[in-house]
Amino acid sequence: MRRRIDHQSMDRPRVWAGVEELSDDPGFQAFIEAEYPAVQEFSKTARREFLKLMGASFALAGLTGCEKSSFVAALPYVDQPASETIGLPRYYATAVSLDGYAQPVIATTHAGRPTKLDGNPGHPTTLGRSDIFIQSAVLQLYDPDRAAAPMRRGEPVSWADVESAIGLMRENWLADQGEGVRLLLGPTTSPTLLRQIAAFLKQFSKARVHLHSTAGLDARRQITAASYGQPLDQHYVLANCDVVVSLDDDFLGPGPDQVRNALGWSQSRRRYSDRPGNRLFMAESVPSATGALAVHRLIADARRMPALAEALAESVGVAGASRPELTDAEGRWIARAAAACKERPGRSLIVSGLSGGAAAGLWVARINQQIGNAGQTLKLTAPISGPANAGTLAELVSDIDSGRVNSLVIFDGNPAYGAPGDLGVGEAITRVRSSIHLGLQRDETGALCEWQLPLAHALESWSDARAVDGTATILQPVISPFYDVRTAHQIAAMLLGEVDPAADAAVRETWRASFGDAFDTRWKQALHDGFVEGAEPSITASPASNFIAPPGTTGDLDIVFRPDPTVWDGQFANIGWLQELPKTLTTVTWSNVVAVSPALAKRLAASNGDHVEVKIGERRVSGPVWIMPGQADNTVALFLGYGRTRAGRVGNDLGYNAYHVQATADPWLARGSLRKLDTSEDLAVTQLHHRLEGFDLAREVSPGQAERAPSDQASLYAPWPSSKNAWGMVIDLDSCIGCNACVAACTAENNVPVVGADQVRVGREMHWLRIARYYTGDIAEPRSFFEPVPCMHCEDAPCEMGCPVHATTHSPEGVNQMVYNRCIGTRTCSSYCPYKVRRFNFFDYRAPGDSSEHAAHNPDVTVRSRGVMEKCTYCTQRIEAAHVAADKENRPLRDGEVITACQQACPTKAIVFGDINDPNSEVSRLKRSSRHYVLLEELGTRPRTTYLARWRDDDDAESRQG
Amino acid sequence: MRDVKIVAPIARHRGAARMVQLFSPVADTWLRLFLIGGLSLAGGGTVAVVGFARSAYMTDTDVRPRQPVPFSHRHHAGELGIDCRYCHSNVEVGPSAGLPPTETCMTCHSEIWTNAKMLEPVRQSLANNTPIQWTRVAKLPDYVFFRHDIHIAKGVGCETCHGRIDQMALTYRAKAFTMEFCIDCHRGPAPHLRPPDYITDMAWKPTSDARKEGEEIAAHEGIRFGELTHCYVCHR
Amino acid sequence: MPEGLYGALAEFKSPEDLLAATRKVREAGYRNLDAFTPFPVDGLDRILRLPRPTIAFVGLAGAVAGAGIALIMQFYVNYDYPLNVGGRPIYAISAFAVVTFELTILFSALAMLVGMLWQNGLPRLNYPVFDTDRFHRASKDRFFLCVSADDAKFEAGETLAFLVGIGALSVELVPG
Amino acid sequence: MSDRSDILPTRQSMGRIADQLTDIPLHFPVERRWLIAMMFASALLLLLMVSVVELFTRGVGIWGINIPVNWAFAIHNYVWWLGIGHAGTLISALLLLTGSEWRNSLNRFAETMTLFAVVCAGIYPILHLGRPWYVYWMFPYPATMGVWPQFRSPLEWDIWAVLTYLTVSLAFWYTGLIPDLAAARDRATRRGWQIFFGVTALGWRGSARHWLRWSQAYRLTAGLAVPLVVSVHSEVSLLFAAGQIPGWHSTIFPPYFVLGAAFSGFAVVSIIAVALRSWFGLENLVTNDHLDMLGKVLLATGLMTGYGYVFEVFDALYSGETHEIQTLVDRLAGAYAWTYWGAVLFNFIPLQALWWRVVRRSGWMLLLVSVSVVIGMWLERYMILVTSLYRDFLVSSWSHFTPSFWDWSTYFGTIGLFLVPFLIAIRLVPMISIFESKELLHEEKEEKQHA
């Protein structure tokens with residue numbers, strides 16, 4: 001033993017814990033580089049892989065010494081923060097943002113680093129629910145490709161350089177009141193930023209602000225402006241709706257409003273226990289998550305939306321509407337929808353999306369007015385995001401073209417990538433004399449600008465923003481910036497002439513004005529609560545009375561543009577979690593597609609993955625085709641957000657750039673043509689087969705249907721005694737909107753690795769929870785279903801029986817346990833699993849050892865190594881933490897004390913988890929529901945995770961027969 | 001008529017005839033020794049490997065790693081009688097007992113032994129705001145999620161796992177932190193429990209009947225018997 | 001018993017010759033006999049009055065031991081750390097049957113192999129009969145009868161002569 | 001039985017058989033052809049080593065497996081090799097007990113083949129593991145973890161079954177080999193050979209006492225080996241049948257697997273018989289009658305396997321279970337229908353030629369049929385694994401499987417792992433049981449004399 005003591009001296013050789021570690025040793029790397037000079041040419045990952053291999057072969061050859069030690073360094077604080085409990089998480093209320101809107105969150109931090117974001121339960125719009133963007137924002141924080149320091153023309157500079165350069169610019173601007181100075185902003189709700197911009201415009205009276213929105217916010221405002229005579233924000237009060245009619249508006253799809261709409265929708269949907277609480281009529285050109293939930297889904301080309309709107313208006317008796325020519329199906333749908341709306345005056349809602357344009361929007365406004373929905377189910381407010389009275393991007397480009405711009409400041413936007421291709425923004429930017437770009441990344445736009453100033457991430461920033469209803473949140477940093485970055489407010493303050501502004505100064509100043517004397521208490525309260533009470537007041541507005549002609553119909557196909565369901569407008573392209581999330585309805589990952597109808601695919605003789613060229617005007621782009629069951633025959637959908645070139649290592653060179661063919665004049669609906677190319681690609685899809693094939697996996701029940709006799713789930717085996725708590729889960733298929741928030745939350749909570757497109761392609765995605773998506777019926781007119789499938793935690797689990805080493809066993813609380821450190825990787829459990837919910841580490845899927853993404857890991861969950869099985873654990877770390885908390889207080893667990901990550905995220909509360917031994921728990925109550933059923937019950941596995949069948953409307957049954 | 005060969009044992013024609021006596025009698029002895037030796041080696045090897053896994057070498061017990069400051073628990077906890085929780089203040093509230101921040105050391109050592117050479121790293125730590133690099137003695141693998149707080153709350157004393165820290169000049173791992181060690185107590189915690197007042201008492205001995213007393217404590221603390229040996233209790 | 005002598009070895013052409021010769025040797029009163037043949041010769045054991053072999057009992061003992069060890073092992077490991085495996089019983093006897101069966105056979109077969117070698121006194125590389133000139137054909141095509149020097153009736157010259165008399169192809173003395 | 005006395009030509013002497021067979025190892029006759037074969041086999045073995053290094057360095061992800069098809073080539077080839085490894089012991093043990101003398105010319109190389117086939121099979125469960133370095137966790141040893149193996153798992157049964165099978169086969173093979181090693185020892189002239197055969201023969205001297213005990217031990221071991229063979233492949237079938245996956249969860253599996261194993265095993269025995277007899281000029285020992293018998297057995301086991309196919313279809317249809325029927329349809333017409341129809345084609349079509357005596361008695365024809373059967377059985381195992389897994393219960397988990405380069409290289413590599421020791425073995429030990437041939441020859445001559 002004595003020799004060991006010597007080993008502990010500070011200069012002792014490093015101790016190898018595994019072969020992989022060798023590759024990280026600089027000495028070894030130097031040796032390899034000397035021996036194999038070509039290694040230096042390798043890409044980072046290839047190089048790592050090579051080093052790993054070399055490390056392994058040297059270890060096998062016995063070249064390296066082998067020494068074991070479990071003695072590692074331990075570093076205490078020098079001065080421990082008083083409130084810090086080592087090993088326990090702390091929580092902060094703050095917000096991240098999407099399209100300028102605040103997405104209120106509670107950030108979980110471990111030892112000072114945020115690891116998980118969840119909705120803020122106290123917040124009036126989200127009630128603690130979240131979406132995929134909230135869940136993934138934490139990975140964006142740790143994105144290793146973030147801009148780390150200010151740069152000028154690609155050369156690193158200091159912030160002092162930046163400040164002095166801005167000082168010089170300001171001198172020039174002051175000379176001519178900012179003539180030639182332009183600010184370009186994405187939509188923002190931040191009172192502080194808006195105040196700073198107003199101050200800037202005051203200082204430089206001839207400067208102008210331009211607004212650039214990628215995801216259609218400006219288009220929506222144009223529609224309301226045309227429909228109501230003033231730009232307005234629409235707020236759907238879905239909780240009060242009995243009938244909803246949507247004309248190509250995917251209001252439950254991704255976007256800033258998703259959580260609020262999903263909550264309202266599910267609230268009204270679950271209003272009664274014996275029948276569905278509302279009915280949705282959807283006319284859509286491209287299948288969407290919302291359309292999948294519709295009772296009556298009409299497939300219509302995008303160009304039909306104004307006509308359908310007018311027909312509906314005519315049917316409910318709106319003055320001035322005349323009945324356009326309709327097909328039989330359209331006619332039937334209109335008749336049903338109109339009847340349903342008229343039956344529920346004031347409790348119905350008609351909405352329309354971007355593809356209908358102002359023509360449909362105006363009719364919809366009039367219908368809502370006519371049947372008394374306005375003010376009841378449809379609330380209007382003044383625009384929540386600003387800046388008001390901003391110019392457009394097109395105006396900016398034309399100003400640049402005519403030489404009227406000499407200085408351009410771009411606030412956190414990427415117009416060189418994310419703007420209609422015909423504008424030529426990138427080229428225009430290069431012609432501005434001095435340009436400044438603020439951004440998280442040195443993206444396509446940043447690369448073109450003279451100055452690239454790195455922004456702090458929302459989780460590192462003092463800032464403020466307002467949620468979709470106008471409720472403001474003061475953003476507080478939950479971690480200090482680990483790069484040399486500044487917030488937008490600090491840079492704005494620099495533009496206003498301040499030197500080295502403090503991070504929180506501008507925000508405090510804004511709120512000092514509104515909090516007044518009670519500043520300190522209210523500020524503290526706001527930070528604690530995560531929001532400041534006070535939504536935007538609603539206003540009443542009457543629809544305009546003019547007539548808007550629908551746009552003409554030239555060209556053979558309707559081409560609609562949609563933000564991508566997971567990477568949105570492209571800003572999240574470098575977030576692996578979002579890239580690997582299967583896109584709702586297609587389950588494609590790592591790419592966007594050109595979605596076409598089955599009929600069109602047949603005409604083109606194209607199958608999934610074949611490349612097609614989309615031609616709009618003279619602009620072309622080519623991408624892989626995806627045959628979308630239920631898409632309108634002559635509509636093609638292009639998805640924005642891909643084809644990025646400077647997103648980072650994750651997001652570069654994936655998919656095609658749909659912005660390229662977007663037109664400034666009508667960016668959301670165009671006419672164009674399609675041509676099949678000879679090439680094709682293998683799309684990384686997580687679900688290959690979508691037709692339900694007659695199985696009753698995703699069930700439906702009619703309200704009148706006789707209650708199914710609850711099964712006693714008989715077993716040949718004597719039951720094992722249960723401990724006091726017995727965990728179970730119920731998933732309500734009627735509420736699931738397929739939004740993937742649960743999957744993203746699970747990924748974040750359980751350190752689920754990202755495996756990359758190639759691994760997804762061969763079927764090795766690691767998500768513990770998948771949203772199975774099925775359709776039944778004709779491929780041209782299918783009914784779609786979503787079914788989240790986590791581990792069933794079978795009481796008579798076939799998987800456990802297969803394991804030869806006791807690596808998967810059952811807890812007395814009924815949890816099917818998977819012990820990674822005992823697993824030897826026989827994969828028997830997965831072979832035997834009828835639900836195929838187990839996931840295997842075919843390779844070492846851990847991020848490279850030096851990756852900053854490790855900081856996002858939940859320290860309470862083991863990071864799995866190569867060769868072990870993993871699966872849903874019912875978030876056992878949360879169960880055990882709750883047990884410890886309860887046991888320390890010597891009390892039983894309360895219902896709702898354990899919340900799984902998926903349950904916590906779900907915006908429709910479709911997932912309920914709890915103790916099934918407690919007859920009064922929510923989960924027990926749901927298990928007694930008449931809609932309750934067990935997936936593959938005939939196998940006798942006795943799952944703890946069960947389902948509530950989706951409601952089938954009686955009406956719906958009629959229509960099937962008819 | 002018949003050609004019968006009679007071969008005399010003494011007069012054998014070594015060259016002509018084929019002899020099949022290939023081995024000397026010693027070869028048999030060697031072969032047997034080899035067989036016995038091989039079998040004993042295999043058997044002994046198995047026993048040795050099983051034993052080696054439990055050896056002090058493999059479990060890292062009885063090793064006193066060199067520390068930047070030769071901190072003596074015997075002096076502080078034993079002779080001075082400072083309570084464990086004075087320095088390891090996190091032990092009742094969090095999963096980790098917590099190493100004392102430099103500030104804690106300096107509460108006393110800004111007053112006494114202010115110039116001791118031995119304490120130079122501590123002063124350096126405070127001056128430079130860099131942590132002292134201790135070498136961890138009690139370490140569990142990454143996949144074991146141990147929580148101090150619940151063990152303390154339920155009556156498991158420090159000494160139960162860490163041994164007589166108050167007698168260690170340089171700290172070492174007193175107990176082998178094998179799964180057997182943990183599971184033994186998780187199966188039948190009663191004999192290992194003590195009243196809350198004696199959690200940090202190193203010299204505590206159960207009064208008379210450890211099991212009976214432990215069972216009383218367990219009942220009082222509501223220890224979930226039978227639920228502590230499934231995998232997710234420690235592995236996640 | 002003469003020092004340095006193991007016995008007398010007689011070579012025969014066929015099993016039948018050997019059987020006939022053996023019968024005669026026994027009739028002549030020799031008792032301490034052994035035969036060496038290239039393959040098992042039917043009926044030789046009866047003529048030599050060899051006891052019935054007990055390998056079957058060794059095999060049975062091995063089988064019982066194997067079954068016992070397998071069952072005890074499987075019961076013990078589940079007793080030692082009882083874990084709920086898919087709701088199956090702790091002592092799942094039907095599931096234990098397979099390993100029990102395998103170990104029964106394994107132990108039985110190994111016991112018989114070891115027992116056979118042990119009872120035969122093998123391995124034994126050095127043995128007196130190898131020290132003869134003709135014995136190498138015992139594994140080829142000749143059949144040998146050996147009269148042990150321990151035999152009460154053994155007398156080198158006489159015995160050799162007797163063996164020649166009953167039709168041996170060759171005879172020789174085996175040094176001890 | 002008329003052809004019983006014909007099975008070995010009686011116009012040969014015992015001594016010649018002994019010399020002929022011991023000469024093969026002692027004075028190896030076909031050096032050049034052997035070298036070429038050895039180089040080919042070594043190349044394959046090298047391929048296996050490269051594949052294994054790659055596998056252990058990077059992980060099982062180098063194969064084409066995924067979720068749901070997370071068992072494929074490794075288990076597939078494991079079952080295939082193990083099935084082949086069933087013929088040797090069956091021929092030796094079962095036919096020994098039933099007194100079928102024609103086995104005597106075949107049993108030694110059939111057993112040898114068995115051993116190496118089982119070794120090939122045996123490495124797969126280790127290669128297959130995600131963390132092969134922890135394979136010892138499958139054995140009950142007093143771990144510091146206090147955790148034991150899980151004896152309800154078919155995989156755990158499997159380890160015991162395969163190790164038992166390997167050990168008992170080895171014991172049985174060796175027991176039968178001892179007298180022949182002694183024969184080789186007595187023929188050997190070079191010191192090296194003398195020591196090698198001297199030690200391995202353990203000093204066997206053919207004493208009547210020894211033969212008596214030996215015979216009993218040998219016959220009893222044979223008696224144990226027969227149920228063992230049946231149990232081992234039944235147990236392997238439980239690897240599948242114990243799961244609930246459609247197409248696996250069936251009571252037909254144990255007999256279906258055992259018969260299929262015997263079928264493929266006899267095919268390989270036929271291949272080796274034909275090859276060895278032409279290489280070493282053993283027509284006097286492996287006669288056309290032997291080939292005829294092999295052909296008949298092949299036909300019989302083939303037809304029984306065919307019954308398994310028919311019953312599997314019937315079973316699925318009769319069950320009325322939607323998932324079972326779905327899997328049946330997938331087998332017959334799904335993405336991997338080629339494996340099903342390939343198995344049917346290769347297994348059963350050329351097999352029908354064996355109804356003709358002339359085909360059975362022709363070495364080349366029997367060889368071709370046997371090769372076809374080996375391919376057919378390989379496809380069958382592919383079919384059983386992949387068609388059941390790629391589309392199981394939940395439509396959302398349906399996927400595909402495509403073997404990768406490393407799948408193939410590992411598989412072909414194991415053929416090297418089989419051939420290299422086999423080629424060495426034919427240089428080391430007599431490939432046909434010498435003493436049993438002599439015994440048979442003697443009995444035949446006796447009979448002739450009496451007749």
Side-chain angles (χ1 to χ4, degrees), chain C residues 14-16 34-41 44-45 48 50 52-56 58-59 63 70 73-74 77-78 80-81 83 85-86 88 92 95-96 98-99 101-103 105-106 108-110 112-113 115-117 119-120 122-127 129-130 135-141 144, chain D residues 13-15 18-19 140 146-152 154 156-157 160-161 163-165 167-168 171-172 174-175 178-179 182-183 185-187 198-199 202-218 220-221 224-225 227-228 231-232 235 238 434-436 438-439 442 446:
Chain C
S14 71
E16 291 73 28
D34 199 358
F36 302 92
T37 59
F39 52 81
V41 172
L44 198 57
D45 54 325
L48 287 173
L50 299 180
R52 276 186 64 81
T54 53
I55 298 295
V58 176
M73 169 179 79
Q74 295 177 86
V77 302
N78 283 289
D80 185 49
Y81 199 157
L83 282 162
V85 173
R88 272 66 167 174
F96 297 166
V98 181
V99 174
F101 178 82
E102 303 297 342
L103 283 195
I105 291 195
L106 179 68
S108 178
L110 287 182
M112 285 192 292
L113 174 61
M116 184 268 285
L117 291 176
Q119 292 186 359
N120 283 348
L122 298 177
R124 172 126 188 224
L125 304 181
N126 177 289
Y127 198 76
V129 289
F130 290 132
F135 190 76
H136 65 95
R137 294 196 72 169
S139 62
K140 191 176 176 187
D141 54 357
F144 289 85
Chain D
S13 74
M14 282 184 215
D19 286 337
V147 185
W148 299 95
Q150 205 276 95
F151 282 99
R152 295 167 202 82
E156 184 63 28
W157 305 341
W160 293 91
L163 285 181
T164 299
Y165 186 59
T167 317
V168 172
F172 189 61
Y174 187 60
T175 309
I178 292 171
R185 171 197 66 199
D186 296 346
R187 306 279 86 68
V199 171
L202 305 178
W204 180 265
R205 50 188 188 270
S207 156
R209 282 183 180 78
H210 290 186
W211 276 121
L212 192 59
R213 295 195 190 100
W214 179 93
S215 297
Q216 196 183 27
Y218 194 54
L220 285 172
T221 311
L224 292 175
L228 178 65
S231 84
V232 169
E235 191 285 313
L238 292 179
I434 303 171
F435 77 94
E436 279 164 315
K438 284 188 286 200
E439 192 179 10
H442 170 69
E446 285 278 278

So, do [X] and [Y] sit near enough that their side-chain heavy atoms are less than 4.5 Å apart?
{"X": "C:Leu44", "Y": "C:Thr37", "value": "yes"}
{"X": "C:Glu102", "Y": "D:Val232", "value": "yes"}
{"X": "C:Phe130", "Y": "D:Arg185", "value": "yes"}

Pick one of side chain, backbone, both or neither for [X], based on which atoms fall under 4.5 Å of a heavy atom in chain D.
{"X": "C:Ser14", "value": "neither"}
{"X": "C:Leu113", "value": "side chain"}
{"X": "C:Asn126", "value": "neither"}
{"X": "C:Asp34", "value": "both"}

Counting heavy-atom pairs closer than 4.5 Å to chain C, which one of [options] comes out on top?
{"options": "D:Arg209, D:Glu436, D:Glu235", "value": "D:Arg209"}
{"options": "D:Pro149, D:Pro154, D:Gly146", "value": "D:Gly146"}
{"options": "D:Ala18, D:Ser207, D:Ala217", "value": "D:Ser207"}
{"options": "D:Lys438, D:Gln216, D:Arg205", "value": "D:Arg205"}
{"options": "D:Pro179, D:Ala208, D:Pro140", "value": "D:Ala208"}
{"options": "D:Val168, D:Ile434, D:Leu163", "value": "D:Val168"}

Between chain D and each of [options], count heavy-atom pairs under 4.5 Å; write down the option with the most.
{"options": "C:Val129, C:Asp80, C:Leu48", "answer": "C:Asp80"}
{"options": "C:Met116, C:Gln119, C:Lys140", "answer": "C:Lys140"}
{"options": "C:Leu117, C:Asp141, C:Val77, C:Val41", "answer": "C:Val77"}
{"options": "C:Leu122, C:Asn78, C:Leu103", "answer": "C:Leu122"}

Whether the side chain of C:Ser108 engages the backbone of C:Gly59 through a donor-acceptor N/O pair (distance < 3.5 Å, no angle test) should be reported.
yes

Has the side chain of D:Trp214 got a donor or acceptor atom that lies under 3.5 Å from a matching backbone atom of D:Gly206?
no

Which label fits C:Phe96 and D:Phe151: parallel for a plane angle under 30°, tilted from 30 to 60°, or perpendicular past 60°?
perpendicular

Which label fits D:His442 and C:Phe39: parallel for a plane angle under 30°, tilted from 30 to 60°, or perpendicular past 60°?
tilted

Atom pair [atom1]/[atom2] of [X] and [Y] - distance to nearest 0.5 Å:
{"X": "D:His210", "Y": "C:Leu50", "atom1": "NE2", "atom2": "CG", "result": "10.5 Å"}
{"X": "C:Met112", "Y": "C:Ile55", "atom1": "CE", "atom2": "CD1", "result": "8.5 Å"}
{"X": "D:Tyr174", "Y": "D:Thr221", "atom1": "OH", "atom2": "OG1", "result": "14.5 Å"}

Examine whether an atom of D:Gln150 lies under 4.5 Å from a heavy atom of chain C, and if so say whether it belongs to the side chain, the backbone or both; otherwise answer neither.
side chain

